[in-house]
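One is the number of the first residue; the rest follow in order along the sequence.
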Amino acid sequence: MTELTDVSTLLLSRIRDVADYPEAGVVFKDITPLLADPVAFEALTGAFAEIAVRTGATKVVGLEARGFILGAPVAVRAGLGFIPVRKAGKLPGATLAQAYDLEYGSAEIEVHAEDLDAQDRVLVVDDVLATGGTAEASLQLVRRAGAAVAGVAVLMELGFLGGRSRLEPALAGAPLEALLQI
């Protein structure tokens, strides 16, 4: 437990609060200082790779855009394939799409139809769990592609936004692991 506490302390120390961004009253959690620090980025990658191995994942899905930055090195370190889940219209070829509701409207994400199959167990990786809408849609998309959900791993969970409770039914017993609770 001391090791996780040490990693959490390191990661938290490299996340910068930016007041009033993107709008007044919001405190944005900027992870760019963490990414710029090779020791912190390595610790984050290692913690996520351990989750991938422990959950029996065969592929890592990264959610656009910071999930790409975090998920790709996790996949490499764990010896797994990496699958990007993108905003609609960004992937060439045949895709599966999943629409979901946002606070003010809706959005859609896509994955290449051939990138996942019934033999895959997928760990979804992203930087932040906020309201849970994007993560929930990604789990629906993974299952529609025929794959199983190994779990979700996020750097930060913004607990006050209730994403965990929204995501729990979609997880269907798979773990949700947040390295930091904010």
Side-chain angles (χ1 to χ4, degrees), residues 21-23 26 28-31 44 47-49 51-52 54-75 78 80-182:
Y21 182 83
E23 59 186 53
V26 173
F28 183 79
K29 299 293 186 184
D30 181 14
I31 68 167
L44 172 59
F48 276 165
I51 293 168
R54 184 168 23 87
T55 60
T58 61
K59 299 245 174 90
V60 172
V61 157
L63 304 181
E64 189 165 336
R66 289 179 293 260
F68 297 172
I69 297 167
L70 302 180
V74 169
L80 307 174
F82 176 77
I83 309 298
V85 168
R86 303 228 37 206
K87 294 176 184 170
K90 301 289 185 180
L91 292 171
T95 61
L96 293 173
Q98 182 67 48
Y100 61 101
D101 292 328
L102 299 168
E103 187 176 357
Y104 301 106
S106 63
E108 191 172 52
I109 54 175
E110 294 180 332
V111 66
H112 275 131
E114 72 276 1
D115 286 349
L116 296 170
D117 61 39
Q119 285 71 50
D120 287 318
R121 288 184 45 79
V122 176
L123 178 69
V124 175
V125 171
D126 206 4
D127 64 329
V128 174
L129 176 64
T131 63
T134 306
E136 179 183 41
S138 73
L139 297 180
Q140 293 167 344
L141 194 56
V142 163
R143 288 193 178 101
R144 285 186 48 230
V149 173
V152 174
V154 296
L155 169 59
M156 292 178 279
E157 178 182 352
L158 305 180
F160 62 94
L161 293 176
R164 182 175 289 268
S165 61
R166 176 179 181 170
L167 199 54
E168 281 178 351
L171 284 163
L176 165 59
E177 301 202 31
L179 299 181
L180 301 172
Q181 302 279 337
I182 309 271

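Of all heavy-atom pairs between Pro22 and Val26, the closest is CD-CG1, 3.8 Å. Here the closest non-hydrogen pair linking Pro175 and Ala150 is CD-O, 3.2 Å. Between Gly62 and Phe68, the shortest heavy-atom distance links the atoms O-CE2, 3.3 Å. Taking each heavy atom of Tyr100 and Ala137 in turn, the nearest pair found is CD2-CB, 3.5 Å. When every heavy atom of Leu123 is checked against every heavy atom of Phe48, the shortest pair comes out as CD2-O, 4.2 Å. Residues Val111 and Pro84 approach most closely at CG2-O, 4.0 Å, considering heavy atoms.
Between the CG atom in Leu63 and the NZ atom in Lys87 there is a gap of 11.5 Å [rounded to 0.5 Å]. One finds the CG atom of Asp127 at 11.5 Å from the CG atom of Leu179 (value rounded to the nearest 0.5 Å). Going from atom CG of Leu155 over to atom CD1 of Ile182 covers 8.0 Å, rounded to the nearest 0.5 Å. Once rounded to the nearest 0.5 Å, the distance linking CG of Leu91 with CG of Leu96 reads 10.5 Å. Note that the CD atom of Glu108 and the CG atom of Leu141 stand 9.5 Å from one another [nearest 0.5 Å]. Atom CG of Leu167 is separated from atom OG of Ser138 by 7.5 Å, given to the nearest 0.5 angstrom.
Two residues are said to be in side-chain contact when any heavy atoms from C-beta on lie closer than 4.5 Å; Leu129 and Val152 fail this criterion.
Between the side chain of Lys29 and the backbone N or O of Met156, no donor-acceptor pair lies under 3.5 Å. Judged by distance alone, the side chain of Glu110 and the main-chain N or O of Gly89 form a donor-acceptor pair under 3.5 Å. Checking side-chain atoms of Asp120 against main-chain N and O of Val122 turns up no donor-acceptor pair under 3.5 Å. No donor-acceptor pair closer than 3.5 Å links the side chain of Arg86 to the backbone N or O of His112.
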One pair to check against side chain to side chain contact (heavy atoms under 4.5 Å, CB included): Ile109 and Gln98. What are the steps and the verdict? CA-CA 5 Å; Ile109 54 175; Gln98 182 67 48; 4.3 Å; yes
Side chain to side chain contact (heavy atoms under 4.5 Å, CB included) between Val149 and Val124, worked out: CA-CA 8 Å; Val149 173; Val124 175; 5.6 Å; no
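Surrounding OH of Tyr21 are at most 12 heavy atoms belonging to other residues, nucleotides or ligands under 6.0 Å away.
Applying the salt bridge (Lys or Arg N to Asp or Glu O under 4.0 Å) test to pairs two or more places apart or on separate chains, those with a residue in residues 154-174 are Glu136-Arg166, Glu157-Arg164.
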